[in-house]
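Worksheet: one structure, shown below.
Note: hydrogens, waters and symmetry copies are ignored here, and every other heavy atom, side chains too, is used. One-based numbering, in listed order, for ligands and for the atoms of each.
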Amino acid sequence: MNIEHLGVHDSISAVFPPERLVDALASVDPNVSIVRDGEYDDIDAVVTFAHDDAYFGQVEWVHCARAGYDDFPVERFEETGTILTNSSGIHGASVGETAVGMMLSLARCLHVARDAQNRGEWSRPEWDRPFTLFDQRVTVVGLGTLGQGIARRADGLGMRVSGVRRTPARPPHVREVYTPVDLHDAIADAKFVALTTPLTEETAHMFGAEEFDVMRDDAYLVNVARGGVVDQDALVDALESGDIAGAGLDVFEEEPLPESSPLWEMDDVVVTPHVGAADRNYYQDIAALVRQNVLHASADEEFVNRVA
Ligand code: NDP
């Protein structure tokens with residue numbers, strides 16, 4: 001396949017200025033330009049943050065600038081023979097730090113201090129509220145790029161890391177690996193449960209009332225995967241009833257999180273606006289992936305990160 005004209009969709013502006021990616025790709029394709037919905041004349045491939053039905057029949061290859069491609073209709077790509085690649089593999093450090101940062105905040109009460117600072121108050125948390133991450137057990141559900149990024153950092157802080165994945169291979173920094181059928185065993189004794197699976201038919205609402213009941217009352221949920229992996233109403237109930245102690249949440253069933261959500265007001269819930277992977281160098285990582293696949297395409301080699 002010969003990529004002569006590469007388009008950078010303006011939806012990329014959700015994560016960085018599209019011009020940055022155009023500049024970073026100039027050495028690969030002198031014809032790279034910014035495109036908008038429906039504007040794919042002469043475009044062979046498009047790098048995008050959001051799906052647009054109009055590129056079917058127009059472009060040969062779509063690169064999704066996210067790891068999660070649950071908003072992209074994979075079947076339609078397969079039917080139309082359009083190649084779809086994703087950006088898995090680049091978020092281990094950013095999301096790993098976000099997730100462990102949430103755990104640190106929840107343990108060390110940094111969010112409590114910041115809330116007090118916003119009120120101009122000098123106040124200490126209850127004496128028995130802060131704890132250390134050292135020697136706490138964390139179960140990471142999903143042991144791919146994100147999960148391993150968390151495991152490595154959590155292990156570095158002296159946490160005891162367990163994980164859940166479909167295949168039994170045990171990655172570095174993880175002491176025990178469970179399969180999804182043993183999810184309840186994996187989470188029952190964890191102080192933190194971190195979610196890092198893709199949103200699929202199997203993982204949709206994987207965490208609901210039953211799982212929150214199984215979790216320790218003093219446990220925290222960290223969700224940096226997708227909002228739909230959690231039954232959010234059940235999560236709110238579990239937080240309100242004390243079935244779990246708190247949560248760090250980067251993703252939600254509805255984004256932006258509606259103003260009416262009780263999650264905004266909960267003291268031991270840290271809400272971040274789906275920025276777990278935000279990084280000033282993100283455009284360079286995307287450029288490197290795209291560059292690699294342009295080379296593969298011209299050599300008729302298999303695309304890296306191909307999902308359809
Ligand atoms: P990977 O494909 O590298 O890893 C996914 C992991 O999930 C694999 O270990 C896989 O298991 C595991 N998994 C899949 N299905 C199940 C299941 N039913 N039960 C348990 N484990 C399962 O993906 P990434 O780590 O790159 O990304 C994961 C997801 O995180 C993305 O799909 C995206 O939705 C989200 N994400 C969120 C970001 C944010 O900004 N908050 C940023 C980037 C990603 P196995 O290894 O056995 O195949």
Check: What is the closest protein heavy atom to atom 4 (O) of ligand 1, and at what distance does it sit?
Finding: Gly144 CA, 3.2 Å

Checklist line | Closest approach of any protein heavy atom to atom 3 (O) of ligand 1, naming residue and atom | finding: Thr145 N, 3.0 Å

Notebook entry, point to check: Taking only heavy atoms of Val95, which atoms of ligand 1 are found under 4.0 Å from at least one of them?
Noted result: 42 (C)

Notebook entry, point to check: Relative to the heavy atoms of Thr196, which atoms of ligand 1 are at a distance of less than 4.0 Å?
Noted result: 28 (C)

Checklist line | Aromatic ring proximity, centroids under 6.0 angstrom, His51 and Phe72 | finding: yes

Next item on the list: Determine whether the aromatic ring centres of His63 and Tyr69 lie less than 6.0 Å apart.
Entry: no

Note to self: Take a 6.0 Å sphere around CG of Asp42 and say whether it holds more than 12 heavy atoms from other residues, nucleotides or ligands.
What the structure shows: no

Checklist line | Asp218 and its salt bridge (charged side-chain N to carboxylate O under 4.0 Å, His left out) partner, picked from Arg137, Lys191, Arg129 | finding: Lys191

Notebook entry, point to check: Quick one: does Leu146 get an N or O within less than 3.5 Å of an N or O on ligand 1?
Noted result: yes

Notebook entry, point to check: For Phe49, is the NZ or CZ atom of Arg66 found under 6.0 angstrom from the centre of its six-membered ring and inside 45 degrees of the ring axis?
Noted result: yes

Check: Against heavy atoms of Gly68, which atoms of ligand 1 measure under 4.0 Å?
Finding: 31 (C), 32 (O), 33 (C), 34 (O)

Next item on the list: Identify, for atom 43 (C) of ligand 1, the protein heavy atom at the shortest distance, and state residue, atom and that distance.
Entry: His91 ND1, 3.6 Å

Checklist line | Closest approach of any protein heavy atom to atom 10 (C) of ligand 1, naming residue and atom | finding: Arg166 NH2, 3.8 Å

Checklist line | Shortest heavy-atom approach to atom 22 (C) of ligand 1 - which of Thr197, Asp250, Thr203, Val224 | finding: Thr197

Next item on the list: Mark up the atoms of ligand 1 that fall under 4.0 Å of a heavy atom belonging to Ala277, in ascending order.
Entry: 40 (O), 42 (C)

Margin query: One pair to check against side-chain hydrogen bond (donor to acceptor under 3.5 Å, both in side chains): His205 and Gln232. What are the steps and the verdict?
Written below: CA-CA 8 Å; His205 282 199; Gln232 201 166 298; over 6 Å; no

Note to self: Need the ligand 1 atom indices (1-based, order shown) with element for anything under 4.0 Å from a heavy-atom of His274.
What the structure shows: 39 (C), 40 (O), 41 (N)

Checklist line | Non-hydrogen side-chain atoms of His9 and Val47 separated by less than 4.5 Å | finding: no

Next item on the list: Mark yes when over 12 heavy atoms from residues, nucleotides or ligands other than Glu240 sit less than 6.0 Å from its CD; otherwise mark no.
Entry: yes

Next item on the list: Would you indicate which of Ala225, Gly149, Gly276, Ser88 comes nearest to atom 23 (O) of ligand 1 when only heavy atoms are counted?
Entry: Ser88

Margin query: Taking 4.0 angstrom as the limit and counting only heavy atoms of Arg226, give me the atoms of ligand 1 inside it, by number and element.
Written below: 33 (C), 34 (O), 35 (C), 36 (N), 37 (C)

Notebook entry, point to check: Starting from atom 12 (C) of ligand 1, which protein heavy atom do you reach first, and at what distance in Å?
Noted result: Gly142 CA, 3.8 Å

Next item on the list: Pick, from Glu202, Met206, Glu201, Arg66, the option with the minimum heavy-atom distance to atom 19 (N) of ligand 1.
Entry: Met206

Check: In the single-linkage hydrophobic clustering (I, L, V, M, F, W, Y; side-chain heavy atoms under 4.5 Å), do Ile150 and Ile90 co-cluster?
Finding: no

Next item on the list: List every atom of ligand 1 that sits less than 4.0 Å from any heavy atom of Ala67, numbering the atoms from 1 in the order shown and giving each element.
Entry: 26 (O), 43 (C), 44 (C)

Notebook entry, point to check: Taking side chain as C-beta onward, heavy atoms only, is Leu133 less than 4.5 Å from Phe192?
Noted result: yes

Margin query: Please check whether Val275 reaches ligand 1 - meaning an N/O of the residue sits under 3.5 Å from an N/O of the ligand, judged on distance alone.
Written below: no

Checklist line | Salt bridge Asp53-Arg76, side-chain N to carboxylate O under 4.0 Å | finding: yes

Item checked: Sub-4.0 Å atoms of ligand 1 with respect to non-hydrogen atoms of Thr167 -> 45 (P), 46 (O), 47 (O)

Item checked: Closest approach of any protein heavy atom to atom 5 (C) of ligand 1, naming residue and atom -> Pro198 CD, 3.7 Å

Item checked: More than 12 heavy atoms from other groups under 6.0 Å of CD on Glu176 -> yes

